[in-house]
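Everything below concerns the one structure shown next.
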Amino acid sequence: MIRMTNVIAMLALVSAAAHAQDDTAALGKKLATNNCAVCHTFNKGEPNGQGPNLFGIIGRPLAAEPGFKYSAGMKAAAAGKVWDEKLLDAWLTDTQSVAPGNAMTYFEGDEARRQKIIAYLRTLH
Ligand code: HEC
């Protein structure tokens with residue numbers, strides 16, 4: 001038999017997990033603002049900067065933002081690949097391992113920070 005108190009406890013847990021996700025994304029937004037926004041925009045329809053607009057990046061093919069002039073290295077690496085969380089993690093760790101010769105001169109060595117940034121990127125849909 002499922003007790004009401006158990007159900008309530010479970011709902012509280014689920015909601016706490018959802019809040020934790022929100023908090024992670026909020027921290028990621030701060031990191032992205034401080035570390036990526038000099039070169040990237042994040043909201044729908046915003047212009048490309050030194051780097052392409054990142055709205056909807058998860059699920060988008062590599063090097064596919066209209067109007068952005070990607071480097072030859074980036075275009076060569078694209079080859080039908082789509083950005084997912086694993087590839088983004090590899091990219092932020094060492095962009096050259098994903099696309100040799102690409103033009104992004106930034107990396108994030110701290111895994112916890114990468115995960116927060118990726119949690120934020122996941123909200124951009
Ligand atoms: C100094 C400028 C600069 C900073 C800082 C920077 N980027 Fe970039 N980024 C670029 C450039 C330039 C490109 C395009 C690279 C190319 O064409 O070779 C790029 C490309 C990307 C791409 C691939 C986009 C696509 O359409 O395939 C992603 C994802 C990305 N950056 C995420 C980030 C994130 C997240 C941060 C912050 C943690 C960040 N970048 C910080 C300049 C920057």
Side-chain angles (χ1 to χ4, degrees):
M1 195 182 95
I2 301 173
R3 290 229 191 113
M4 200 57 195
T5 46
N6 289 350
V7 172
I8 291 168
M10 257 170 57
L11 287 176
L13 274 177
V14 168
S15 133
H19 281 297
Q21 287 259 313
D22 290 351
D23 292 349
T24 308
L27 290 170
K29 182 174 184 175
K30 262 189 213 142
L31 288 171
T33 303
N34 293 338
N35 296 295
C36 323
V38 281
C39 299
H40 292 282
T41 54
F42 298 96
N43 297 316
K44 190 173 186 169
E46 282 180 340
N48 297 319
Q50 192 180 328
N53 174 271
L54 294 180
F55 182 79
I57 189 69
I58 292 180
R60 192 167 96 188
L62 271 66
E65 180 62 16
F68 185 79
K69 283 202 184 351
Y70 290 93
S71 66
M74 195 72 207
K75 283 190 274 193
K81 286 190 210 124
V82 168
W83 286 112
D84 61 15
E85 299 181 7
K86 202 168 156 234
L87 193 58
L88 276 170
D89 190 55
W91 172 256
L92 294 178
T93 306
D94 174 13
T95 63
Q96 297 302 322
S97 74
V98 174
N102 85 82
M104 176 164 140
T105 54
Y106 177 88
F107 72 94
E108 176 53 70
D110 182 327
E111 181 178 5
R113 284 162 61 103
R114 286 197 306 275
Q115 290 311 315
K116 288 177 189 136
I117 292 167
I118 293 168
Y120 168 58
L121 295 177
R122 207 188 293 133
T123 67
L124 305 176
H125 282 285

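Predicted model, so just to flag it, every value in this text is computed and none were measured. Remember, it's 1-based here, ligands and their atoms both numbered in the order they're listed.
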Q) For ligand 1, which atoms sit closer than 4.0 Å to a heavy atom of T105? A) 1 (C)
Q: Look at atom 23 (C) of ligand 1 and say which protein heavy atom is nearest, naming residue and atom and giving the distance to 0.1 Å.
A: W83 CZ2, 3.5 Å
(Q) I'd like to check whether H40 has a polar contact with ligand 1, where a contact means an N/O of the residue lying under 3.5 Å from an N/O of the ligand. (A) yes
Q. Is it the side chain, the backbone, both or neither of T95 that has a heavy atom closer than 4.0 Å to ligand 1?
A. neither
Q | Crowding at NZ, K30 (>12 non-hydrogen neighbours, <6.0 Å) | A | no
Q) Counting from 1, what ligand 1 atoms have a heavy atom of I117 closer than 4.0 Å? A) 35 (C), 38 (C)
Q.
Among Q115, E111, M104, exactly one meets side-chain contact (heavy atoms from CB on, under 4.5 Å) together with L92. Which residue is that?
A. M104
Q) Within less than 2.8 Å of atom 8 (Fe) of ligand 1, any N, O or S from M104? A) yes
**Q.** Numbered atoms and elements of ligand 1 in range of L88, under 4.0 angstrom, heavy atoms
**A.** 29 (C)
Q. Under 3.5 Å, is there a donor-acceptor pair between the side chain of E85 and the main chain of I118?
A. no
**Q.** Distance-minimising heavy-atom pair for W91 and A99
**A.** CZ3-CB, 4.0 Å
Q: Please work out which of Y70, Y120, F68 has its closest non-hydrogen atom nearest to atom 26 (O) of ligand 1.
A: Y70
Q. Just which atoms of ligand 1 are under 4.0 Å from any heavy atom in L62?
A. 27 (O)
Q: Specify the protein heavy atom at minimum distance from atom 11 (C) of ligand 1: its residue, its atom name, and the distance to 0.1 Å.
A: G51 CA, 3.7 Å
Q: Verify whether one side chain among N102 and T95 offers a donor that lies under 3.5 Å from an acceptor in the other.
A: yes
Q) Is it true that some N/O/S atom of C39, main chain or side chain, lies under 2.8 Å from atom 8 (Fe) of ligand 1? A) no
Q | Nearest-neighbour protein heavy atom for atom 22 (C) of ligand 1, which is reported as residue plus atom name and distance | A | W91 NE1, 3.6 Å
Q.
Check this for me, if you would: do E108 and R114 make a salt bridge, where the nitrogen-to-carboxylate-oxygen distance has to be below 4.0 angstrom?
A. no
Q) Which protein non-hydrogen atom lies closest to atom 15 (C) of ligand 1, naming both residue and atom, and how far is it? A) A103 N, 3.8 Å
Q.
Please check: side-chain N/O of N48 versus main-chain N/O of G51, any donor-acceptor pairing under 3.5 Å?
A. no
**Q.** Residue part near ligand 1, for R60, under 4.0 Å between non-hydrogen atoms
**A.** side chain
Q | Main-chain N/O of A20 paired to T24 side chain as donor or acceptor, under 3.5 Å | A | yes
Q) Of all the atoms in ligand 1, which lie at a distance below 4.0 Å from a heavy atom belonging to N102? A) 18 (O)
Q. Among all protein non-hydrogen atoms, which one is nearest to atom 12 (C) of ligand 1, and what is the separation to 0.1 Å?
A. Q50 O, 3.2 Å
**Q.** Nearest-neighbour protein heavy atom for atom 36 (C) of ligand 1, which is reported as residue plus atom name and distance
**A.** C36 SG, 2.8 Å
Q: Of the side chain and backbone of L31, name the one, both, or neither that has a heavy atom under 4.0 Å from an atom of ligand 1.
A: neither
Q) Is the closest side-chain heavy-atom distance between K44 and H125 below 4.5 Å? A) no
Q.
My understanding is that we take every heavy atom of each candidate and find the minimum distance to atom 24 (C) of ligand 1. Doing that for A63, S71, P52, G101, which one comes out nearest?
A. P52
Q. For atom 5 (C) of ligand 1, what is the nearest protein heavy atom, given as residue, atom name and distance?
A. N35 O, 3.3 Å
**Q.** Test item: K81 side-chain N/O and A77 main-chain N/O as donor-acceptor pair under 3.5 Å
**A.** yes
Q: Determine, step by step, whether T41 and L54 satisfy the side chain to side chain contact (heavy atoms under 4.5 Å, CB included) criterion, reporting the C-alpha distance in whole Å, the side-chain angles of both residues, the deciding distance to 0.1 Å, and the verdict.
A: CA-CA 6 Å; T41 54; L54 294 180; over 6 Å; no
Q.
Show the nearest heavy-atom pair for residues F42 and C36, with the distance to one decimal.
A. CZ-CB, 3.6 Å
